[in-house]
Amino acid sequence: MQKILAIVNPVSAGCKTKKNWPKYKKIFLNNNINLDEQFTTHPEHAIKIAEAAVKNSYDYILAVGGDGTVNEIINGIIMAGGLDNIKPKLIIFAQGTGSDLIRSLNISSDINEVIEIIKRKKVKYLDLVKVEYLAHSGEEKTRYFINVGDCGLGAEVVYRVNKSKKIIGGSFSYLLAVFTTLLKYKNKSAELVVDGKNVFSGNLSNVIIANGKYFGGGIKVAPQAELDNGKLNIILLKDFNKLSIAYNLFKAYDGEHLGHPLVESLTGENIKISAEEKIAIEVDGETVGTSPVSFSVYKQKMPILV
Ligand SMILES: Nc1ncnc2c1ncn2[C@@H]1O[C@H](COP(=O)(O)OP(=O)(O)OP(=O)(O)O)[C@@H](O)[C@H]1O
(Lines give C-alpha, C1' and ligand atoms only; values in the text may rest on other atoms or scores of the structure.)
Protein backbone atom coordinates (compact mmCIF):
# COMPACT_ATOMS: atom_id res chain seq x y z
CA MET A 1 0.00 0.00 0.00
CA GLN A 2 1.49 3.33 -1.05
CA LYS A 3 1.45 6.16 1.48
CA ILE A 4 0.11 9.56 0.44
CA LEU A 5 0.29 12.70 2.57
CA ALA A 6 -2.02 15.58 1.64
CA ILE A 7 -0.51 18.93 2.62
CA VAL A 8 -3.44 21.34 2.67
CA ASN A 9 -3.03 25.12 2.69
CA PRO A 10 -6.39 26.28 4.12
CA VAL A 11 -5.82 29.94 3.20
CA SER A 12 -5.06 29.29 -0.50
CA ALA A 13 -7.50 30.63 -3.10
CA GLY A 14 -8.67 33.32 -0.69
CA CYS A 15 -9.43 30.70 2.06
CA LYS A 16 -11.80 28.68 -0.15
CA THR A 17 -9.60 25.60 0.32
CA LYS A 18 -10.43 25.41 4.04
CA LYS A 19 -14.15 25.15 3.24
CA ASN A 20 -13.78 22.79 0.26
CA TRP A 21 -11.22 20.28 1.55
CA PRO A 22 -13.57 18.02 3.67
CA LYS A 23 -15.81 17.49 0.64
CA TYR A 24 -12.79 16.67 -1.56
CA LYS A 25 -11.31 14.32 1.01
CA LYS A 26 -14.53 12.27 0.98
CA ILE A 27 -14.36 12.01 -2.80
CA PHE A 28 -10.78 10.73 -2.62
CA LEU A 29 -11.82 8.13 -0.01
CA ASN A 30 -14.84 7.06 -2.07
CA ASN A 31 -12.39 6.38 -4.89
CA ASN A 32 -10.25 4.17 -2.62
CA ILE A 33 -7.52 6.79 -2.29
CA ASN A 34 -6.52 6.83 1.37
CA LEU A 35 -4.68 9.90 2.53
CA ASP A 36 -3.05 11.20 5.64
CA GLU A 37 -3.56 14.95 5.88
CA GLN A 38 -1.81 17.88 7.45
CA PHE A 39 -2.91 21.52 7.36
CA THR A 40 -0.44 24.37 7.18
CA THR A 41 -0.90 26.82 10.03
CA HIS A 42 1.53 29.55 8.92
CA PRO A 43 3.68 30.64 5.96
CA GLU A 44 6.58 28.25 5.18
CA HIS A 45 4.95 25.52 7.28
CA ALA A 46 4.63 23.30 4.17
CA ILE A 47 8.46 23.24 3.99
CA LYS A 48 8.67 21.64 7.44
CA ILE A 49 5.76 19.25 6.80
CA ALA A 50 7.36 18.09 3.52
CA GLU A 51 10.75 17.60 5.22
CA ALA A 52 9.08 15.38 7.83
CA ALA A 53 7.18 13.51 5.08
CA VAL A 54 10.50 12.52 3.46
CA LYS A 55 11.76 11.21 6.78
CA ASN A 56 8.49 9.32 7.31
CA SER A 57 8.91 7.59 3.91
CA TYR A 58 5.78 8.86 2.21
CA ASP A 59 5.59 7.72 -1.42
CA TYR A 60 3.54 10.70 -2.57
CA ILE A 61 2.79 14.21 -1.39
CA LEU A 62 -0.51 15.64 -2.59
CA ALA A 63 -0.17 19.44 -2.66
CA VAL A 64 -3.56 21.02 -1.97
CA GLY A 65 -3.10 24.75 -2.49
CA GLY A 66 -1.57 27.16 -4.94
CA ASP A 67 1.82 27.55 -6.55
CA GLY A 68 3.27 28.86 -3.28
CA THR A 69 2.31 25.66 -1.46
CA VAL A 70 3.86 23.49 -4.19
CA ASN A 71 7.01 25.62 -4.03
CA GLU A 72 7.30 25.19 -0.26
CA ILE A 73 6.79 21.42 -0.55
CA ILE A 74 9.54 21.11 -3.18
CA ASN A 75 11.93 23.05 -0.98
CA GLY A 76 11.12 20.87 2.03
CA ILE A 77 11.69 17.70 0.00
CA ILE A 78 15.08 18.96 -1.25
CA MET A 79 16.12 20.11 2.23
CA ALA A 80 15.43 16.65 3.61
CA GLY A 81 16.94 14.50 0.87
CA GLY A 82 18.93 16.60 -1.63
CA LEU A 83 18.43 16.88 -5.38
CA ASP A 84 19.23 13.32 -6.46
CA ASN A 85 16.80 10.42 -6.29
CA ILE A 86 13.97 12.47 -4.84
CA LYS A 87 11.62 10.01 -3.15
CA PRO A 88 8.11 11.30 -2.55
CA LYS A 89 6.51 12.00 -5.91
CA LEU A 90 4.44 15.13 -6.15
CA ILE A 91 0.74 15.21 -7.02
CA ILE A 92 -0.80 18.62 -7.58
CA PHE A 93 -4.41 19.33 -6.66
CA ALA A 94 -4.35 23.00 -7.58
CA GLN A 95 -6.47 25.12 -5.24
CA GLY A 96 -4.72 28.43 -5.74
CA THR A 97 -5.30 31.91 -7.06
CA GLY A 98 -2.94 31.96 -10.02
CA SER A 99 -2.26 28.21 -10.48
CA ASP A 100 0.20 28.91 -13.27
CA LEU A 101 2.13 25.69 -12.69
CA ILE A 102 -0.77 23.47 -13.76
CA ARG A 103 -1.22 25.65 -16.84
CA SER A 104 2.44 25.09 -17.71
CA LEU A 105 2.02 21.36 -17.02
CA ASN A 106 -1.26 21.21 -18.92
CA ILE A 107 -3.02 19.36 -16.10
CA SER A 108 -6.42 20.04 -14.62
CA SER A 109 -7.56 21.15 -11.17
CA ASP A 110 -10.69 19.02 -11.51
CA ILE A 111 -10.79 16.40 -8.75
CA ASN A 112 -11.88 13.60 -11.09
CA GLU A 113 -8.88 14.23 -13.31
CA VAL A 114 -6.58 14.34 -10.27
CA ILE A 115 -7.99 10.95 -9.22
CA GLU A 116 -7.24 9.63 -12.73
CA ILE A 117 -3.69 10.96 -12.45
CA ILE A 118 -3.22 9.21 -9.09
CA LYS A 119 -4.53 5.92 -10.47
CA ARG A 120 -2.52 6.13 -13.70
CA LYS A 121 0.80 6.71 -11.84
CA LYS A 122 2.50 8.22 -14.91
CA VAL A 123 5.63 10.05 -13.75
CA LYS A 124 7.32 13.01 -15.40
CA TYR A 125 10.65 14.35 -14.12
CA LEU A 126 10.72 18.15 -14.11
CA ASP A 127 13.75 20.41 -14.08
CA LEU A 128 14.44 22.24 -10.84
CA VAL A 129 15.76 25.79 -10.80
CA LYS A 130 18.05 26.93 -8.00
CA VAL A 131 17.89 30.62 -7.20
CA GLU A 132 20.51 32.34 -5.01
CA TYR A 133 19.41 35.78 -3.87
CA LEU A 134 19.54 38.35 -1.13
CA ALA A 135 16.77 37.91 1.46
CA HIS A 136 15.05 41.00 2.87
CA SER A 137 17.09 40.40 6.06
CA GLY A 138 20.29 40.94 4.01
CA GLU A 139 21.29 37.25 4.21
CA GLU A 140 22.27 35.31 1.09
CA LYS A 141 19.72 32.53 0.57
CA THR A 142 18.93 29.64 -1.75
CA ARG A 143 15.57 28.41 -2.93
CA TYR A 144 14.32 26.08 -5.67
CA PHE A 145 11.41 26.49 -8.06
CA ILE A 146 9.80 24.65 -10.97
CA ASN A 147 7.80 27.10 -13.01
CA VAL A 148 8.76 30.77 -13.44
CA GLY A 149 10.76 33.38 -11.55
CA ASP A 150 11.25 37.02 -12.37
CA CYS A 151 13.19 40.08 -11.39
CA GLY A 152 11.60 43.54 -11.65
CA LEU A 153 8.05 44.56 -12.48
CA GLY A 154 6.52 41.05 -12.22
CA ALA A 155 7.90 40.58 -8.71
CA GLU A 156 6.37 43.85 -7.56
CA VAL A 157 3.04 42.80 -9.06
CA VAL A 158 3.22 39.47 -7.18
CA TYR A 159 3.99 41.32 -3.95
CA ARG A 160 0.83 43.36 -4.44
CA VAL A 161 -1.29 40.31 -5.33
CA ASN A 162 -0.10 38.43 -2.24
CA LYS A 163 -1.01 41.39 -0.03
CA SER A 164 -4.53 41.44 -1.47
CA LYS A 165 -7.27 39.08 -0.34
CA LYS A 166 -7.27 37.20 -3.67
CA ILE A 167 -11.01 36.65 -3.52
CA ILE A 168 -11.64 38.06 -6.98
CA GLY A 169 -9.91 35.19 -8.76
CA GLY A 170 -6.54 34.62 -10.35
CA SER A 171 -6.26 36.47 -13.65
CA PHE A 172 -8.20 39.48 -12.46
CA SER A 173 -6.17 39.81 -9.20
CA TYR A 174 -2.98 39.92 -11.27
CA LEU A 175 -4.39 42.29 -13.88
CA LEU A 176 -5.51 44.75 -11.23
CA ALA A 177 -2.11 44.52 -9.51
CA VAL A 178 -0.26 45.17 -12.80
CA PHE A 179 -2.06 48.46 -13.29
CA THR A 180 -1.66 49.66 -9.70
CA THR A 181 2.04 48.67 -9.68
CA LEU A 182 2.68 50.39 -13.02
CA LEU A 183 1.51 53.72 -11.58
CA LYS A 184 4.66 53.93 -9.43
CA TYR A 185 7.07 51.55 -11.17
CA LYS A 186 10.36 52.81 -12.65
CA ASN A 187 12.51 50.68 -14.96
CA LYS A 188 15.77 49.47 -13.41
CA SER A 189 19.33 49.65 -14.67
CA ALA A 190 20.83 46.15 -14.55
CA GLU A 191 23.35 43.73 -16.04
CA LEU A 192 22.45 40.29 -17.29
CA VAL A 193 24.98 37.49 -17.70
CA VAL A 194 23.87 34.23 -19.36
CA ASP A 195 26.21 31.22 -19.26
CA GLY A 196 29.17 33.50 -18.52
CA LYS A 197 28.46 36.03 -21.30
CA ASN A 198 27.29 39.57 -20.65
CA VAL A 199 24.16 39.76 -22.82
CA PHE A 200 22.58 43.01 -21.63
CA SER A 201 23.36 46.14 -19.66
CA GLY A 202 20.93 49.00 -19.42
CA ASN A 203 17.40 49.87 -18.41
CA LEU A 204 14.85 47.11 -18.24
CA SER A 205 11.31 46.54 -17.00
CA ASN A 206 11.51 42.84 -16.20
CA VAL A 207 13.64 39.73 -16.63
CA ILE A 208 11.59 36.53 -16.62
CA ILE A 209 13.36 33.22 -15.99
CA ALA A 210 11.05 30.57 -17.32
CA ASN A 211 11.18 26.82 -16.92
CA GLY A 212 7.41 26.68 -17.57
CA LYS A 213 5.36 28.79 -19.95
CA TYR A 214 2.85 30.64 -17.75
CA PHE A 215 3.03 33.23 -14.97
CA GLY A 216 0.91 36.08 -13.58
CA GLY A 217 -2.37 34.15 -13.48
CA GLY A 218 -2.38 32.94 -17.09
CA ILE A 219 0.11 35.06 -19.04
CA LYS A 220 1.85 32.86 -21.63
CA VAL A 221 5.12 34.66 -21.10
CA ALA A 222 7.52 31.99 -22.42
CA PRO A 223 5.76 29.94 -25.12
CA GLN A 224 9.01 28.13 -25.97
CA ALA A 225 9.86 27.05 -22.40
CA GLU A 226 9.80 23.31 -21.60
CA LEU A 227 9.65 22.04 -18.02
CA ASP A 228 12.01 19.12 -18.63
CA ASN A 229 14.57 20.13 -21.28
CA GLY A 230 17.32 21.26 -18.89
CA LYS A 231 17.21 24.81 -20.28
CA LEU A 232 15.78 28.08 -19.07
CA ASN A 233 14.03 30.53 -21.36
CA ILE A 234 14.96 34.11 -20.47
CA ILE A 235 12.46 36.75 -21.54
CA LEU A 236 13.88 40.22 -21.32
CA LEU A 237 11.45 43.14 -21.31
CA LYS A 238 13.71 46.10 -22.03
CA ASP A 239 13.06 49.81 -21.50
CA PHE A 240 9.27 49.74 -22.01
CA ASN A 241 7.13 52.75 -21.19
CA LYS A 242 4.08 52.16 -19.02
CA LEU A 243 1.51 52.47 -21.78
CA SER A 244 3.37 50.07 -23.99
CA ILE A 245 3.66 47.48 -21.17
CA ALA A 246 -0.08 47.69 -20.56
CA TYR A 247 -0.91 47.34 -24.27
CA ASN A 248 1.46 44.42 -24.81
CA LEU A 249 0.31 42.63 -21.67
CA PHE A 250 -2.90 41.66 -23.42
CA LYS A 251 -0.91 40.17 -26.31
CA ALA A 252 1.18 38.23 -23.80
CA TYR A 253 -1.86 36.24 -22.59
CA ASP A 254 -1.66 34.51 -25.98
CA GLY A 255 2.15 34.49 -26.10
CA GLU A 256 2.15 37.08 -28.89
CA HIS A 257 4.54 39.58 -27.31
CA LEU A 258 7.76 37.97 -28.55
CA GLY A 259 7.87 39.93 -31.82
CA HIS A 260 8.05 43.30 -30.03
CA PRO A 261 11.41 45.07 -30.60
CA LEU A 262 11.87 45.61 -26.83
CA VAL A 263 11.34 41.91 -26.05
CA GLU A 264 14.27 39.52 -26.32
CA SER A 265 14.07 35.76 -25.81
CA LEU A 266 17.24 33.89 -24.85
CA THR A 267 18.10 30.39 -23.66
CA GLY A 268 20.62 29.40 -21.01
CA GLU A 269 21.42 27.32 -17.98
CA ASN A 270 23.02 29.88 -15.64
CA ILE A 271 21.76 33.45 -15.34
CA LYS A 272 23.11 36.22 -13.16
CA ILE A 273 21.41 39.58 -12.66
CA SER A 274 23.13 42.43 -10.85
CA ALA A 275 22.23 46.06 -10.36
CA GLU A 276 23.20 48.98 -8.16
CA GLU A 277 19.63 49.24 -6.89
CA LYS A 278 18.13 46.14 -5.25
CA ILE A 279 15.54 44.69 -7.64
CA ALA A 280 12.65 42.58 -6.29
CA ILE A 281 12.48 38.91 -7.28
CA GLU A 282 9.73 36.32 -7.12
CA VAL A 283 9.75 32.59 -7.77
CA ASP A 284 6.60 30.54 -8.36
CA GLY A 285 4.52 33.45 -7.09
CA GLU A 286 6.41 34.03 -3.81
CA THR A 287 8.38 37.26 -3.34
CA VAL A 288 11.51 35.98 -1.66
CA GLY A 289 14.03 38.85 -1.79
CA THR A 290 16.09 40.98 -4.15
CA SER A 291 19.05 41.05 -6.54
CA PRO A 292 21.92 40.28 -6.90
CA VAL A 293 20.50 36.96 -8.01
CA SER A 294 21.56 33.88 -9.93
CA PHE A 295 19.51 31.06 -11.43
CA SER A 296 20.78 27.58 -12.38
CA VAL A 297 18.79 24.70 -13.83
CA TYR A 298 19.05 21.02 -12.85
CA LYS A 299 17.63 18.72 -15.48
CA GLN A 300 14.74 16.31 -14.73
CA LYS A 301 15.01 16.03 -10.95
CA MET A 302 11.47 16.39 -9.55
CA PRO A 303 9.12 13.41 -10.01
CA ILE A 304 5.52 14.45 -10.50
CA LEU A 305 2.41 12.51 -11.48
CA VAL A 306 0.84 13.79 -14.72
N1 LIG B 1 -2.22 28.75 7.64
C2 LIG B 1 -1.65 29.74 6.95
N3 LIG B 1 -1.85 31.04 7.30
C4 LIG B 1 -1.32 32.04 6.58
N5 LIG B 1 -0.56 31.87 5.46
C6 LIG B 1 -0.33 30.60 5.07
C7 LIG B 1 -0.86 29.47 5.79
N8 LIG B 1 -0.46 28.34 5.15
C9 LIG B 1 0.27 28.74 4.10
N10 LIG B 1 0.35 30.08 4.03
C11 LIG B 1 0.97 30.92 2.97
O12 LIG B 1 -0.05 31.18 2.01
C13 LIG B 1 0.59 31.71 0.85
C14 LIG B 1 -0.23 31.49 -0.39
O15 LIG B 1 -0.34 30.14 -0.69
P16 LIG B 1 -0.56 29.57 -2.15
O17 LIG B 1 0.41 30.18 -3.10
O18 LIG B 1 -0.57 28.10 -2.04
O19 LIG B 1 -2.01 30.03 -2.54
P20 LIG B 1 -2.49 31.15 -3.54
O21 LIG B 1 -1.64 32.36 -3.34
O22 LIG B 1 -3.95 31.28 -3.37
O23 LIG B 1 -2.20 30.51 -4.98
P24 LIG B 1 -1.21 30.92 -6.21
O25 LIG B 1 0.18 31.03 -5.67
O26 LIG B 1 -1.37 29.78 -7.18
O27 LIG B 1 -1.71 32.22 -6.71
C28 LIG B 1 1.98 31.09 0.86
O29 LIG B 1 2.91 32.16 0.92
C30 LIG B 1 2.04 30.28 2.16
O31 LIG B 1 3.29 30.40 2.82
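First listed ligand is number 1; within each ligand, the first listed atom is number 1. Sequential numbering from 1 along the given sequence is applied to the chain's residues.
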With a 4.0 Å cut-off on N to O distance, would you call Lys231 and Glu269 a salt bridge?
yes

Drop me the distance from Lys213's NZ to Leu227's CG, to the nearest 0.5 angstrom.
7.5 Å

Under 4.0 Å from a heavy atom of Ser12: which atoms of ligand 1 are those, numbered in the order shown and with their elements?
18 (O), 19 (O), 22 (O)

Are the side chains of Ile273 and Ile281 in contact, using a 4.5 Å heavy-atom criterion?
no

Relative to the heavy atoms of Thr41, which atoms of ligand 1 are at a distance of less than 4.0 Å?
1 (N), 2 (C), 3 (N)

Measure the distances from the heavy atoms of Gly285 to every atom of ligand 1 and state whether one is below 4.0 angstrom.
no

Need the ligand 1 atom indices (1-based, order shown) with element for anything under 4.0 Å from a heavy-atom of Ala13.
22 (O)

Do Ile33 and Ile107 belong together in a cluster built from hydrophobic side chains that touch within less than 4.5 Å?
yes

For Thr40, atoms of ligand 1 separated by under 4.0 Å from a heavy atom:
1 (N), 7 (C), 8 (N), 9 (C)

May I ask you to list the atoms of ligand 1 that are less than 4.0 angstrom from any heavy atom of Glu44?
31 (O)

Scan residues 208-234 for pairs that pass ring-ring contact (aromatic ring centres under 6.0 Å, His included), counting only residues two or more places apart or in two chains.
none

Taking only non-hydrogen atoms of Glu286 and a 4.0 Å limit, the atoms of ligand 1 in range are 17 (O), 28 (C), 29 (O)

What part of His42 sits under 4.0 Å from ligand 1 if we count only heavy atoms: the side chain, the backbone, both or neither?
backbone

Of the listed options (Asp100, Ile73, Asp67, Thr287), which comes nearest to atom 25 (O) of ligand 1 when hydrogens are ignored and any heavy atom counts?
Asp67

Separation between CD of Gln95 and CD1 of Ile111, rounded to the nearest 0.5 Å:
8.0 Å

Taking the inter-plane angle between the rings of Phe28 and Trp21 on a 0 to 90° scale, is it parallel (under 30°), tilted (30 to 60°) or perpendicular (over 60°)?
tilted

Is any NZ, NE, NH1 or NH2 atom of the basic residue among Lys89 and Asp59 found under 4.0 Å from an Asp or Glu carboxylate oxygen of the other?
no

When you look at NZ of Lys242, are more than 12 heavy atoms from neighbouring residues, nucleotides or ligands closer to it than 6.0 Å?
yes

Would you tell me which option among Ile7, Asn71, Asn9 has the nearest heavy-atom contact to atom 13 (C) of ligand 1?
Asn9

Atom indices of ligand 1, in the order listed, that fall short of 4.0 Å to a heavy atom of Ser99
26 (O)

Heteroatom distance test (Gly65, ligand 1): nitrogen or oxygen, under 3.5 angstrom:
no

Give the numbers and elements of all ligand 1 atoms closer than 4.0 Å to a heavy atom of Gly96.
22 (O), 23 (O), 26 (O)

